[in-house]
Amino acid sequence: MTVYCVANTKGGSKKTATAINLIPHLDLDFVVDLDKYHALKNILALSDNPIEVRVPSSTQEIMEWADEGKNILFDCGGFDSDFTRTAMSQSDVIITPSNDDPSEQFGLRHFNQAMAEVSQMVNEKLVAKVVISGVHHARSDFSMMKEFVSGLDYLELLPVVIPFSTKIPTAQFSGKAVSSGTIAAKFSTLAKHIKID
């Protein structure tokens with residue numbers, strides 16, 4: 001079984017949108033909402049989505065849930081916290097949405113430091129998988145992003161780009177993931193890149 005974590009210590013990086021759109025592709029038993037605004041829980045409540053959403057009251061609960069031997073996904077808030085670091089420390093796969101905007105890259109540098117500190121906590125080098133997200137659909141040159149991420153020891157850039165699309169928030173207003181078309185296919189491809197065989 002696999003524990004996934006969508007995390008980035010910078011807000012507005014498309015973490016919850018990524019989490020919601022990965023749910024149909026990861027065969028999850030439940031999801032955990034770690035954001036103080038409970039966006040994942042509130043969005044999924046807009047539909048009859050059958051997946052269980054848990055909200056922890058302690059880091060101990062996070063560790064216990066990660067140890068249940070099930071496929072789960074943590075959706076972290078856009079800030080550094082004990083909850084986020086605990087979830088990262090218990091995860092098999094950490095997914096980090098970002099893009100090559102300068103403020104996003106400053107955020108990635110900060111997140112890389114958090115990854116280094118969590119790696120020290122668990123005495124194992126953890127590497128988060130960065131997915132480029134929220135960029136114009138016609139863009140194809142991300143060489144600056146590749147160069148930047150390659151210089152960060154605890155991050156690895158995936159070859160998947162999720163473009164900006166109004167279909168993502170439209171689906172979320174119905175409490176769902178995008179279910180068809182190019183965007184759904186992109187999230188399916190992302191899921192294939194992060195699944196552990």
Side-chain angles (χ1 to χ4, degrees), residues 2-26 28-68 70-99 101 103-104 106-115 117-118 121 126 128-134 154-155 162 164-165 168-178 187 190-191 194:
T2 308
V3 178
Y4 300 94
C5 179
V6 181
N8 186 335
T9 48
K10 182 187 176 299
S13 63
K14 314 267 186 289
K15 291 177 297 298
T16 297
T18 300
I20 288 169
N21 282 282
L22 282 173
I23 289 171
H25 305 287
L26 292 179
L28 299 170
D29 294 295
F30 62 92
V31 295
V32 180
D33 190 337
L34 299 178
D35 186 7
K36 62 185 173 184
Y37 301 111
H38 305 304
L40 181 72
K41 179 181 178 186
N42 292 329
I43 290 169
L44 293 177
L46 296 172
S47 72
D48 56 358
N49 195 317
I51 194 158
E52 178 188 0
V53 181
R54 297 183 185 181
V55 176
S57 58
S58 68
T59 55
Q60 184 61 36
E61 276 188 314
I62 293 170
M63 291 187 287
E64 289 170 2
W65 295 342
D67 206 31
E68 285 186 17
K70 295 185 176 179
N71 289 327
I72 68 173
L73 183 145
F74 291 111
D75 180 35
C76 299
F79 45 86
D80 201 352
S81 71
D82 288 343
F83 276 19
T84 295
R85 287 182 177 227
T86 301
M88 289 162 52
S89 75
Q90 300 302 303
S91 297
D92 301 302
V93 179
I94 300 168
I95 307 104
T96 306
S98 190
N99 62 52
D101 181 86
S103 65
E104 291 286 325
F106 290 133
L108 279 180
R109 187 174 288 121
H110 183 268
F111 186 66
N112 185 68
Q113 181 59 39
M115 287 291 299
E117 292 166 12
V118 173
M121 279 172 44
L126 304 177
K129 298 179 180 300
V130 178
V131 58
I132 296 172
S133 183
Y154 297 88
L155 304 180
I162 309 290
F164 170 81
S165 171
I168 294 174
T170 299
Q172 287 181 50
F173 277 118
S174 301
K176 300 176 181 174
V178 177
F187 281 106
L190 174 58
I194 63 173

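Side chains included, hydrogens not; waters and symmetry mates left out as well; all remaining heavy atoms used.
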Are K70 and F30 close enough that some pair of their side-chain heavy atoms sits under 4.5 Å apart? yes
Looking at side-chain heavy atoms only, is the closest gap between Y4 and L26 below 4.5 Å? yes
Before giving the answer on side-chain contact (heavy atoms from CB on, under 4.5 Å), spell out for S91 and M88 the whole-Å C-alpha distance, their side-chain angles and the decisive distance to 0.1 Å. CA-CA 5 Å; S91 297; M88 289 162 52; 5.5 Å; no
Take I168 and F187 through the side-chain contact (heavy atoms from CB on, under 4.5 Å) test and state the conclusion after the steps. CA-CA 11 Å; I168 294 174; F187 281 106; 4.1 Å; yes
Other residues, nucleotides and ligands only: do more than 12 of their heavy atoms fall within 6.0 Å of NZ on K176? no
Could you check if a side-chain atom of I95 sits within less than 4.5 angstrom of a side-chain atom of N8, using non-hydrogen atoms only? no
May I ask you to test the N21-L190 pair for a side-chain heavy-atom distance under 4.5 Å? no
In the structure I gave you, are the side-chain heavy atoms of I162 and T18 within less than 4.5 Å of one another anywhere? no
Answer yes or no: is there a side-chain heavy-atom contact under 4.5 Å between I94 and M115? yes
Heavy atoms from other residues, nucleotides or ligands near CZ of F106 exceed 12 (cutoff 6.0 Å): no
Restricting to pairs with a member in residues 28-49, which pass side-chain hydrogen bond (donor to acceptor under 3.5 Å, both in side chains), not counting sequence neighbours? none
Do V32 and W65 have side chains that approach each other closer than 4.5 Å (heavy atoms only, starting at C-beta)? yes
Given side-chain contact (heavy atoms from CB on, under 4.5 Å), test E117 with R85 step by step and report yes or no. CA-CA 9 Å; E117 292 166 12; R85 287 182 177 227; 2.7 Å; yes
Using a strict 4.0 Å threshold on nitrogen-to-oxygen distance, state whether D75 and K15 make a salt bridge. no
Between S133 and S98, is there a donor-acceptor pair closer than 3.5 Å when you use the side chain of the first and the backbone of the second? no
Check E64 with R54, please: is the shortest side-chain N to carboxylate O separation under 4.0 Å? no
